[in-house]
Amino acid sequence: MRVDELPVDERIKRIIRERGIEELYPPQAEALMSGVLEGKNLVLAIPTASGKTLVSEIVMVNKLLREGGKAVYLVPLKALAEEKYREFKEWEVLGLRVAATTGDYDSTDEWLGRYDVIIATAEKFDSLLRHGSNWIEDVKLVVADEVHLIGSYDRGATLEMILSHMLGKAQILALSATVGNAEELAEWLDAALVMSDWRPVQLRKGVFHIGQLFWEDGGIDRYPENWESLAIDAVKKGKQALVFVNTRRSAEKEALSLSSKIARLLTKPETRQLDELVSSIEDNPTTEKLKRALRGGVAFHHAGLSRAERTMIEDAFRSKLIKVIVATPTLAAGVNTPAFRVIIRDTKRYAGFGWTDIPVLEIQQMMGRAGRPKYDKVGEAIIVARTEEPRRLMEKYIHGKPEKLFSMLANEQAFRSQILALVTNFRIGNFRELVSFLERTFYAHQRRDIASLEYKAKNVVYFLIENGFIDMDMNDRFMPLPFGKRSSQLYIDPLTAKKFKDAFPKLENNPNPFGIFQLIASTPDMATLNARRREMEDYLDLAYEMEDKLYTNIPYYEDSRFQGFLGQIKTAKVLLDWINEVPETRIYETYNIDPGDLYRILELADWLMYSLIELYRLFEPEEDVLNYLRDLHLRLRHGVREELLELVKLPNIGRKRARALYNAGFRSQEDIMRAKVRDLLEVEGIGMKVVEGLFRHFGVEMPKGAKKDSKKAEKARKGTLDAFLK
DNA sequence: CTAGGTGCCATTTAGACAGCATGTC
DNA sequence: CTAAATGGCACCTAG
């Protein structure tokens with residue numbers, strides 16, 4: 001179908017044509033003619049990169065131009081929210097306003113109600129629903145991207161609840177990967193279903209086994225025995241490859257190994273550009289390996305890397321500078337990084353209780369990354385059979401059907417949080433109303449019988465009543481209590497809230513960082529580190545040494561919680577080091593963790609620390625304890641000792657600069673305000689930009705001649721070894 | 001004596017959402 | 001509890 005023929009606003013067609021699109025892909029046309037444009041719900045189950053985004057853009061903009069109101073676009077990852085934000089921004093020329101909001105990213109500080117398209121993670125939107133903003137009722141359309149995540153164990157319930165809430169109140173457009181039971185999903189949502197395997201770039205799949213590449217169509221190619229030859233061959237052909245493995249260690253190892261072989265295939269300018277890239281990367285034990293791999297045009301990609309490094313790698317891959325990425329599943333679900341050839345080294349994964357097959361759905365998502373729309377006519381996806389029978393892999397992953405989706409609403413952690421929210425934030429007044437709400441869920445639709453769900457719900461309600469989240473009056477009506485309401489708004493697991501509450505008396509008597517950090521780490525919302533075998537004794541010793549600081553007893557070795565407890569101690573120690581200004585690099589080394597891990601721990605601890613304070617405020621807090629907690633929260637956020645808290649509030653001053661200033665004698669904001677520019681510039685890490693920022697912050701004019709001074713100083717430095725090394 | 005290979009054994013194992021109020025080195 | 005891959009280490013061998 002031609003874009004001209006679309007029954008939508010002319011302005012929409014104009015913008016699409018300006019992108020160079022004249023003709024729609026068949027599944028896009030089918031989707032748009034399914035009734036979505038007239039307001040019908042739609043489940044669109046087609047492969048990644050076959051144009052789902054364009055369909056949702058047309059549906060959103062058409063609806064907004066015609067009816068007004070708001071559209072919400074739900075994504076599973078923060079990084080995807082940013083990606084979509086940049087894409088959708090283009091529609092602002094039509095007078096629509098686009099905003100993205102996630103836990104750590106608001107595109108603007110203006111209130112969301114003023115925007116027409118709101119991109120959010122599912123959890124963020126769930127949280128917005130709980131806060132009950134007025135603009136929610138203006139939402140006329142919800143687009144749920146990657147809706148198959150409804151079947152994800154830990155995050156599926158959130159998505160399911162959002163859709164249950166919005167069903168009937170707004171139009172729903174659900175975008176899904178190919179799944180085993182898309183019909184079931186469509187029935188639940190009372191939606192049309194468009195399914196297709198069509199792709200703009202053809203996909204050729206095969207299985208590799210000791211030098212032989214068996215294509216799905218029966219063809220066989222011969223290669224050197226080792227699978228690495230597949231990646232090398234792609235590079236020789238002037239293409240790129242993406243390799244998926246199942247551990248971080250493997251990703252790093254294979255990247256380094258490939259790097260040494262691919263280095264010689266690079267051109268001189270490429271080598272130079274790669275060197276440039278390498279020099280822009282921060283130094284730490286993980287990036288040291290990354291840099292070595294990069295020099296050969298190869299990168300590894302996993303959650304241990306920082307955000308900045310990950311985006312850098314993705315960008316350099318997209319611009320074809322990096323030839324091969326060896327990645328853990330991070331990349332399969334993340335932002336768009338297609339490659340000519342996808343090589344799947346592993347089809348099994350350790351899942352806490354042994355090795356399990358990676359689901360077909362996920363393998364197909366990896367394979368779907370094959371083929372770059374603008375450069376390739378065909379993309380190749382190859383599964384490597386190393387220990388597995390090649391024929392089995394072919395049957396299961398290439399000819400096989402993806403799994404069915406199952407509701408994960410009954411997952412206890414998610415369920416108790418959702419039930420609490422229903423009572424405290426969604427005016428569910430008694431058990432009957434609760435059950436009738438649950439009847440609208442995918443769980444109920446799929447199982448038909450919700451007796452077991454009712455039983456679970458009852459237990460959760462008892463738990464919530466017993467622990468003071470909610471209460472029940474004489475007529476069996478639910479009454480939200482402040483503790484429950486706040487827990488729900490803070491978006492923490494009720495069990496986390498209970499743990500905090502139970503610890504308050506002890507905490508009040510003995511407030512101290514280690515005890516608080518262990519408490520936070522013991523919470524189901526925290527990601528704790530694992531104590532390694534050889535570390536276990538050290539952390540046990542540490543626990544005993546700090547026994548009087550803890551708010552919990554040390555479990556015995558036989559106790560099932562023992563292993564977890566040591567992990568909590570390790571996590572608490574990392575946090576303690578952080579607020580005692582131990583340099584990041586040393587933290588990575590001593591605890592054998594990667595930058596991404598530290599970042600994640602800090603992010604979670606920050607959120608939970610805030611939540612702990614907010615909950616403590618509900619229980620007749622002691623003023624000095626409250627202040628102590630607030631200071632600790634700030635220390636946690638900035639990674640500094642107490643004496644730096646004042647300095648770190650200044651713009652562009654973090655833990656390093658604050659320490660440098662303090663050691664140089666600038667101990668308060670007052671000191672800095674009075675300081676001479678020249679003296680400030682002497683301090684390590686403080687340059688003209690930072691000083692200007694400081695003066696602007698204080699609202700003071702820069703002393704005359706200061707700028708000249710600094711230029712002079714810089715000139716003087718020119719020609720020195722220092723300047724040369726820069 | 002040493003560089004490199006072999007075999008055995010212990011150890012480890014993917015990812016990432018949420019509050020709130022503003023800006024790291 | 002499950003099991004595959006990896007890295008460290010002791011030991012061995014060819015030169």
Side-chain angles (χ1 to χ4, degrees), chain A residues 74-81 101-104 106 109 120-128 130-131 149 152-159 244-254 282-283 301-304 306-308 327-334 345-346 348-356 358 362 386-388 414 417 486-493 496 525 527 530 532-535 583-584 592 596-597 599-601 603-604 606-614 633 637-639 648-660 684-687 689-690 693 697:
Chain A
L74 302 176
V75 291
L77 299 175
K78 293 186 208 173
L80 289 173
T101 171
T102 67
D104 64 9
D106 265 325
D109 42 292
T121 53
E123 286 75 8
K124 180 67 183 192
F125 185 62
D126 189 23
S127 163
L128 290 168
R130 291 185 190 189
H131 281 85
L149 284 171
S152 134
Y153 178 78
D154 55 334
R155 297 181 59 195
T158 313
L159 199 50
F244 285 106
V245 296
N246 63 3
T247 62
R248 288 185 189 183
R249 202 160 59 171
S250 294
E252 297 181 5
K253 190 201 79 144
E254 302 293 11
E282 215 176 295
D283 283 312
H301 188 286
H302 59 58
S306 72
R307 277 278 172 79
T328 57
T330 7
L331 212 58
R345 199 202 66 169
D346 304 312
K348 283 182 183 288
R349 164 201 304 163
Y350 185 86
F353 44 84
W355 288 82
T356 47
I358 296 174
E362 280 181 50
R386 293 192 300 167
T387 56
E388 290 280 305
S417 163
R486 197 72 190 105
S487 298
S488 175
Q489 285 187 331
L490 290 166
Y491 214 82
I492 56 178
D493 185 333
T496 297
D525 283 310
N530 227 334
R532 280 146 209 266
R533 190 65 143 240
R534 54 190 348 169
E535 300 170 335
E584 274 114 292
N592 196 16
D597 302 315
Y599 177 83
R600 187 164 159 61
I601 289 170
E603 186 189 30
L604 287 167
D606 182 25
W607 164 48
L608 291 169
M609 185 75 211
Y610 175 81
S611 301
L612 183 138
I613 294 169
E614 287 299 296
H633 183 211
R637 176 164 287 183
H638 298 288
V648 105
K649 284 183 186 141
L650 294 168
N652 297 316
I653 305 297
R655 67 198 303 244
K656 286 190 185 167
R657 284 177 183 152
R659 177 49 66 192
E684 172 106 29
I686 308 284
K689 283 229 169 96
V690 177
H697 172 79

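Each chain gets a letter, A, B and so on, in the order the sequences are listed, and its residues count up from 1. Note that the structure is a prediction, hence the values are computed from the model and not measured.
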Task: Counterpart base for B/dG23, defined by Watson-Crick or G-U wobble contacts under 3.5 Å - done: none
- [ ] For A/I653 and B/dT22, give me the distance from atom CD1 to atom P, rounded to whole Å.
- [x] 18 Å
Open item on the list: Could you tell me if the side chain of A/N246 sits less than 4.5 Å from the side chain of A/R345, heavy atoms only?
Closed with: yes
Task: NZ/NE/NH1/NH2 to OD/OE distance under 4.0 Å, A/D126 and A/R155 - done: no
Task: Pair assignment for B/dA18, Watson-Crick or G-U wobble, requiring both distances under 3.5 Å - done: none
Can you tabulate the close N/O pairs, meaning under 3.5 Å, that link protein atoms to atoms of nucleotides 3-6 of chain C?
| residue | atom | partner | partner atom | Å |
| --- | --- | --- | --- | --- |
| C/dA3 | N3 | A/W355 | NE1 | 2.1 |
| C/dT6 | OP1 | A/R345 | NH1 | 3.0 |

- [ ] Using Watson-Crick or G-U wobble pairs with both distances under 3.5 Å, give me DNA chain C in dot-bracket, 5' to 3', with [ ] for crossers and | for pairs to another strand.
- [x] ..|||||||||||||
TODO: Rounded to whole angstrom, note down the P distance from B/dA14 over to C/dT6.
DONE: 12 Å
Open item on the list: Check this for me, if you would: do A/R657 and A/E684 make a salt bridge, where the nitrogen-to-carboxylate-oxygen distance has to be below 4.0 angstrom?
Closed with: no
Task: A/R349 with A/E362: basic N within carboxylate O range, under 4.0 Å - done: yes
Open item on the list: With a 4.0 Å cutoff (strictly under), does any side-chain N or O of A/H638 reach OP1 or OP2 of B/dT22?
Closed with: no
- [ ] Please check the phosphate of B/dA18 (OP1 and OP2 only) for any side-chain N or O of A/K78 closer than 4.0 Å.
- [x] yes
TODO: Taking only the side-chain nitrogens and oxygens of A/R532, find out if one of them lies under 4.0 Å from OP1 or OP2 of B/dT13.
DONE: yes
